[in-house]
Structures are given as C-alpha cells and as structure tokens.
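The structure under discussion appears below in the form of structure tokens.
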Amino acid sequence: AAKGGGRGQYRFYHMDFTDGAKHRRQIEEDLRDAMEADTLEMYYQPIVESKTNKLKCLEALMRWEHEERGFISPGIFIPVAEDIGLIKDLGEWALRRACFQAKEWQLDLRVAVNVSAIQFARDDFPDLVKSILIESTLEPHRLELEITESVFVGDAERTQEKFEELKRLGVRLALDDFGTGYSSLSYLQHAPFDKIKIDQSFVRGATEKGNNNPAIMSAIVNLAESLKMETVAEGVETKDELTLVTERGASHVQGFIFSQAISQEELLERLERKDVFFEPRGPEKYRAE
Ligand code: C2E
Ligand code: MG
Ligand code: MG
Ligand code: MG
C-alpha cells in the first residue's frame, strides 16, 4: 500500500499503478487508434414529452465498439479521453457529427449533445459551436448542449459569458445529471438553462415503498417550473417508473422504456415508418409528430 495511506489510498495505488495502469494504457492507445480509424459512432436516444407522448429530442451518445473487448462504455472512455487530452478533438468530432446527422432527420427534432467540462473550458468553445452550426446548417434552436455542474469549477465570470454567448447563438442549454454534484442550487442563480435533467439515481428505487426519491423529484420539478425550465426524468425503465415520474410532473422522459440509443441508420428507418418508438409495455405508440 502507499506509505501512510488509508484504505482509499491503497485502492488508488493498487488500481492505478498495477493492473489498472496497463489496462488503461491499452485503452488510451486503442482510443487514439479508433479516432484515427474513424470507428467511433454517435447513437441517439429519444426524449419524449410526457403530456403528448411526442418525441421531441434525441440525445447523442458516443459508441465505441472495440475489436477485441466489444462495446466499451463512454462512462469509461470519456474520462480517459479527458485525462490524456483527447477530449478536445473527440468532443469537436461528436458535436459536428451530431449536428450534421440531425440535419438529415427532416423533422423539427432537437439533438442534445454532451459537452465535457474540459471542452467547455476552451476559450473558443462558443465560436466552435457557431462554426459547426454554420457548416452543418442546423437551425440553432435544434441544438441543445448538455453540461454538468463540473463546468462551474473554472472562472465563474468567463463561464457566465460563455453561457450568454451560446444563448445569443440561439442554442439551448441543459443541466445534466442534476442532483449528483455538490451545490447544485447556486448554479441556478444566473445560468440560463432551458432544461434540467434529473439524474437517473433519483428514478432508481423510486417506486419502492418509503423511498425518498419521489419527494426529491417533486421538489426538483417545482424548482424548475418556477424557473421556467423543462425537466427530463432520466433512466426510466419500467411502466411503474414512467407513471411515477409523470405524476411527479417531469415534463419529459428518457429511458429504456422507450428505447436505448440507436444508430442513425435505425433512427432514419423508424422516422421513415413514422413508427419511431413503440412502447412495448403499454397500449400507446409514441410518435414523432
Ligand atoms: P449521460 O449524459 O447522463 O447519458 C445518459 C446515460 O444513461 C447513457 O449512458 C444512456 O445510455 C443511459 N441510459 C439512458 N436510459 C437509461 C435507462 O433507462 N436505464 C439505464 N440503466 N441507463 C440509461 P451512456 O451512453 O453509457 O453514456 C454515459 C455517459 O457518458 C453519459 O451520461 C455522458 O456523461 C458520457 N457521454 C456519452 N457520450 C458522450 C459524448 O459524446 N461526449 C461527452 N462529453 N460525454 C459523453
Ligand atoms: Mg447527457
Ligand atoms: Mg445524464
Ligand atoms: Mg451521466
């Protein structure tokens, strides 16, 4: 164990400097190769409006199918890309790809793109968004940027300026994974968010008796409503969860109950059939329009 280290430190030592390090170096190398070979893909997961059951938005989620290891979660490789300085290129690629593909959807659907705090910290981030909008000719109101509370660690004034620049471009801003950070409420004082995404940890277990999550969800929804922000309940998997989050007032729902993230090809097919996301556990079909 690391000298003088407590339990946490031992674990750190063990994971990062022995097997973990090797594994990680391999991921780093393979990720560089994957980017070079252009084998990463964007998949899209529907976000549905609760009141109307209409598809309103698709969240762009990165997918990497590794030759030997199979599918690797962005939850694993995005932090690696951040650490080794690849996120700048990777994030730019993702944003460009999502904007160009959304332009192919024909319908007035929005695309939500995740933005890493490191990517957001670039001084030229609003300019980058602007030029990608111009290149792709995507209407700005169709682009939503999902950011997490971690963007607030930097220069607060500059962060605020960037929000304003982005709003001036006409894009929408969503606060992702809400409720998982340290001091969520202060971020809402000035930031011009259009949407709050309630983290899926508040949905898990929410249907069990005596669980606190429904009360927390109601509080977040009330807060968002008074700030004129939309809400998305993330990670809704079952009919009971869908009923619960709708009762609690979430204006939008996202989760496996509708669909996992699907490829652009599959999305275009479903849009063509006007049969976008059938909901197998209930009587209703979820339509694009
Ligand atoms: P996120 O932005 O909070 O995305 C939602 C995650 O929840 C996705 O995982 C999605 O597949 C998953 N999910 C959606 N519905 C359900 C459900 O009903 N049940 C369960 N168990 N999970 C559900 P994914 O695709 O593995 O992405 C993980 C994280 O990786 C994302 O969390 C986001 O932080 C990051 N990420 C993904 N793509 C990108 C990207 O292009 N750029 C950046 N910077 N980050 C990305
Ligand atoms: Mg997200
Ligand atoms: Mg999220
Ligand atoms: Mg997340």
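Note that ligands are numbered from 1 as they come in the structure, with each ligand's atoms numbered from 1 the same way.
- If you check the side chains of T238 and D240, you find no donor sitting under 3.5 Å from an acceptor.
- Residue-level proximity to ligand 1 for Q260 is absent, since no heavy atom of it falls below 4.0 angstrom.
- No other N/O/S atom of E59 lies as close to the Mg ion (ligand 2) as OE2 does.
- At a 3.5 angstrom cut-off on N or O pairs, G255 does not count as close to ligand 1.
- Within the listing of ligand 1, atoms 18 (O) sit less than 4.0 angstrom from a heavy atom of V236.
- Rounding to 10 degrees gives 90° for the angle at the Mg ion (ligand 2) between OD2 of D176 and OD1 of N114.
- Between R110 and E144 there is a salt bridge, with a side-chain nitrogen of the basic residue lying less than 4.0 Å from a carboxylate oxygen of the acidic one.
- Salt bridge present: E161 and R158 bring a charged side-chain N and a carboxylate O closer than 4.0 Å.
- Note: an N/O pair closer than 3.5 Å links F256 and ligand 1 by distance alone.
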Item checked: Intermediate values then yes/no, side chain to side chain contact (heavy atoms under 4.5 Å, CB included), W64 and L31 -> CA-CA 9 Å; W64 176 19; L31 186 57; 3.9 Å; yes
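- Below 4.0 Å from some heavy atom of E59 lie the following atoms of ligand 1, by number and element: 1 (P), 2 (O), 4 (O).
- By the criterion of a heavy-atom distance under 4.0 Å, neither the backbone nor the side chain of Q119 is placed next to ligand 1.
- Close approach to R63 involves these atoms of ligand 1, each under 4.0 Å from a residue heavy atom: 11 (O), 24 (P), 25 (O).
- The side chain of I78, and not its backbone, has at least one atom closer than 4.0 Å to an atom of ligand 1 (non-hydrogen atoms only; side chain from C-beta on).
- Using a 4.0 Å cut-off between heavy atoms, Q254 makes no contact with ligand 1 at all.
- The ligand atoms of ligand 1 that sit less than 4.0 angstrom from a heavy atom of M42 are 41 (O).
- Looking at D177 against ligand 1, only its side chain comes within 4.0 Å, counting heavy atoms.
- Here's the thing with N114: one of its N/O atoms is less than 3.5 angstrom from an N/O atom of ligand 1.
- Contact check on E29 versus R25 returns no salt bridge, with no Lys/Arg side-chain nitrogen under 4.0 Å from an Asp/Glu carboxylate oxygen.
- Salt-bridge formation is detected for the pair R24/E28: a Lys NZ or Arg NE/NH1/NH2 atom is positioned less than 4.0 Å from an Asp or Glu carboxylate oxygen.
- A salt bridge does not link E92 to K88: none of the charged nitrogens lies less than 4.0 Å from a carboxylate oxygen.
- When heavy-atom distances to ligand 1 are checked against a 4.0 Å cut-off, D176 comes that close only through its side chain, counted from C-beta outward.
- Atoms of ligand 1 lying under 4.0 Å from at least one heavy atom of S73, given by number and element, are 26 (O).
- In this structure, E237 pairs ionically with R204, as a charged nitrogen and a carboxylate oxygen lie closer than 4.0 Å.
- Residue-environment remark: NZ (K167) exceeds the threshold of 12 foreign heavy atoms within 6.0 Å.
- Under a cutoff of 6.0 Å and an axis angle of 45°, K162 and F125 do not form a cation-pi pair.
- Looking at K197 against ligand 1, nothing comes within 4.0 Å, counting heavy atoms.
- Under 4.0 Å is where a charged nitrogen must lie from a carboxylate oxygen, and between R248 and E241 no such pair does.
- Distances from the Mg ion (ligand 3) show that D177 has an N/O/S atom below 2.8 Å.
- Within the structure, ligand 1 has G235 among the residues with a heavy atom less than 4.0 angstrom away.
- Between F163 and F152, the angle of the ring planes lies from 30° to 60°, which puts this pair in the tilted group.
- At a threshold of 2.8 Å, the Mg ion (ligand 2) has no backbone or side-chain N, O or S atom of E234 nearer than that distance.
- For the Mg ion (ligand 3), the N/O/S atoms of E146 include none lying under 2.8 Å.
- Scanning P46, A60, A112, S116 for the heavy atom closest to atom 44 (N) of ligand 1 points to S116.
- With respect to Y44, the side-chain hydrogen bond (donor to acceptor under 3.5 Å, both in side chains) criterion is satisfied by exactly one of Q101, E59, E266: Q101.
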